[in-house]
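Comments concern the structure below.
All values below come from the heavy atoms of this structure, side chains included, with hydrogens, waters and symmetry mates left out. Count residues from 1 along the sequence.
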Amino acid sequence: MDFFIGHYNYGIVIVLMMVGLYTVICRGNLIKKIIGLNIFQVSVFFLYISLGTVEGGAAPIITEGVKVYSNPLPHVSLYAFSSRTECSL
């Protein structure tokens with residue numbers, strides 16, 4: 001049971017992905033398909049951000065007394081990817 005409580009983010013991601021995918025596949029309205037794609041995109045963002053977060057981690061700035069750092073690459077790559085796709089539309 002502790003495994004499921006510790007990995008609740010994967011369950012949320014799976015539910016959001018399935019809702020977004022279902023909306024894209026089963027709806028004929030273009031606006032609803034776009035909303036489904038946005039839901040799917042949010043689930044991918046949530047997955048990357050939750051994987052990059054470290055409990056008790058600090059920003060990667062070298063200071064005294066900090067032993068655990070959080071990885072900034074997932075957050076930065078998501079920002080770069082999302083701004084790149086919005087500009088290309």
Side-chain angles (χ1 to χ4, degrees):
M1 187 65 172
D2 290 333
F3 177 79
F4 295 116
I5 293 173
H7 294 89
Y8 67 92
N9 57 339
Y10 296 119
I12 293 171
V13 167
I14 290 171
V15 168
L16 284 174
M17 279 188 174
M18 292 300 110
V19 167
L21 188 63
Y22 174 79
T23 306
V24 169
I25 291 173
C26 294
R27 302 294 179 204
N29 190 350
L30 186 59
I31 301 298
K32 291 181 182 178
K33 286 185 184 243
I34 291 174
I35 291 172
L37 283 173
N38 285 334
I39 293 171
F40 194 87
Q41 183 180 17
V42 165
S43 70
V44 172
F45 286 176
F46 183 71
L47 176 67
Y48 283 141
I49 290 171
S50 66
L51 289 178
T53 304
V54 176
E55 189 171 323
I61 301 170
I62 299 175
T63 57
E64 292 183 25
V66 178
K67 301 289 183 190
V68 179
Y69 295 106
S70 182
N71 187 3
L73 284 177
H75 307 287
V76 172
S77 64
L78 279 178
Y79 175 73
F81 177 72
S82 66
S83 63
R84 177 84 173 153
T85 56
E86 289 174 5
C87 291
S88 65
L89 294 177

* To do: Establish whether Leu37 and Val44 are linked, either directly or via other cluster members, by ILVMFWY side-chain heavy-atom contacts under 4.5 Å.
  => no
* Rounded to the nearest 0.5 Å, what's the gap from CG on Leu16 to CZ on Phe46? Could you check? => 8.0 Å
* Spacing of CD1 belonging to Ile34 relative to CD1 belonging to Ile31, to within rounding of 0.5 Å -> 5.0 Å
* Path from Val42 to Leu47 over hydrophobic side-chain contacts below 4.5 Å -> no
* Below 4.5 Å, heavy atoms only, C-beta onward: do Ile35 and Ile39 meet side chain to side chain? -> yes
* To do: Say whether Val24 and Leu30 are linked into one hydrophobic cluster, either directly or through other cluster members, by side-chain heavy-atom distances under 4.5 angstrom.
  => no
* Asked: Of all heavy-atom pairs between Arg27 and Tyr22, which one has the smallest distance, and what is that distance?
  -> NH2-CE2, 4.1 Å
* Asked: Can you name the closest pair of heavy atoms from Val19 and Thr23 and give their distance?
  -> O-OG1, 2.7 Å
* How far does CD1 of Ile14 sit from OG of Ser43, to the nearest 0.5 angstrom? -> 10.0 Å
